[in-house]
Amino acid sequence: MIGQVVTVIVDRPLGSRHPKYEDIYYSMNYGYINGIIAADGEEQDAYILGIDYPVNTFTGTVIAIIHRLNDIEDKWVVAPPNTTFSKEEIIKLTYFQEQYFDIEVSM
């Protein structure tokens, strides 16, 4: 999937809070890819990096996959074309939610 262009439907825009865990604040846009089913039986979730304002949808490139080693699902990382982030940057930027999981980032 890395390198593929996808469209993310944003259901948790930048500045929002998690619907179940109000202490989780979304410092980036987060959503799902319509029609791609993840291991948890739900549509594939994705973080959007490189966009610093809330959006409803976003089309970009999958630049990394966050593998949750102690959970059933992975998260995709999507960014504007020709935008890069290091593994360390991805870990730091997604820490607000991924801190609760043992993760590995593939690029």
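Keep in mind the model is a prediction, meaning the values are calculated, not measured.
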Euclidean distance, [Y] [atom2] relative to [X] [atom1], rounded to 0.5 Å:
X: I9; Y: N29; atom1: CD1; atom2: CG; result: 12.0 Å
X: R12; Y: Y32; atom1: CZ; atom2: OH; result: 11.0 Å
X: Y30; Y: D45; atom1: OH; atom2: CG; result: 3.5 Å
X: M28; Y: I51; atom1: CE; atom2: CD1; result: 12.0 Å
X: D71; Y: F101; atom1: CG; atom2: CZ; result: 5.0 Å
X: I24; Y: S16; atom1: CD1; atom2: OG; result: 11.0 Å

Consider only side-chain heavy atoms of I, L, V, M, F, W and Y, link residues closer than 4.5 Å, and tell whether [X] and [Y] are in one cluster.
X: W76; Y: V105; value: no
X: M107; Y: M1; value: no
X: V62; Y: L93; value: no
X: Y21; Y: Y100; value: yes
X: I2; Y: V8; value: yes

Taking the side chain as every heavy atom from C-beta outward, state whether [X] and [Y] have any atom pair closer than 4.5 Å.
X: L49; Y: V78; answer: no
X: I63; Y: T84; answer: no
X: E43; Y: I37; answer: yes
X: T59; Y: V6; answer: no

Quiz item: Closest approach of G50 and P80, non-hydrogen atoms and distance?
Solution: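 Looking at all heavy atoms of both residues, the closest pair is O-CG, 4.0 Å.
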[X] side chain to [Y] backbone, donor-acceptor under 3.5 Å:
X: H67; Y: L69; answer: no
X: E73; Y: D40; answer: no
X: Q97; Y: T94; answer: no
X: T83; Y: A79; answer: no

Self-check item: Criterion side-chain contact (heavy atoms from CB on, under 4.5 Å) against I90, the qualifying member of F85, Y95, Y47
Solution: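 One option only clears the test, and that one is F85.
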Exercise. Sorted by first residue and then second, give each salt bridge (Lys or Arg N to Asp or Glu O under 4.0 Å) pair with at least one member in residues 85-107; sequence neighbours left out.
Key: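 Pairs touching residues 85-107 that pass the test: R68-E98.
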Quiz item: So Y26 and F96, ring-ring contact (aromatic ring centres under 6.0 Å, His included) or not? Walk me through it.
Solution: CA-CA 8 Å; Y26 284 84; F96 73 96; 5.2 Å; yes
Quiz prompt | V5 and T61: CA distance, side-chain angles, deciding distance, side-chain contact (heavy atoms from CB on, under 4.5 Å) verdict | solution = CA-CA 4 Å; V5 174; T61 305; 4.1 Å; yes
Quiz item: Take atom CD in E22; do more than 12 heavy atoms of anything else shown fall under 6.0 Å from it?
Solution: no
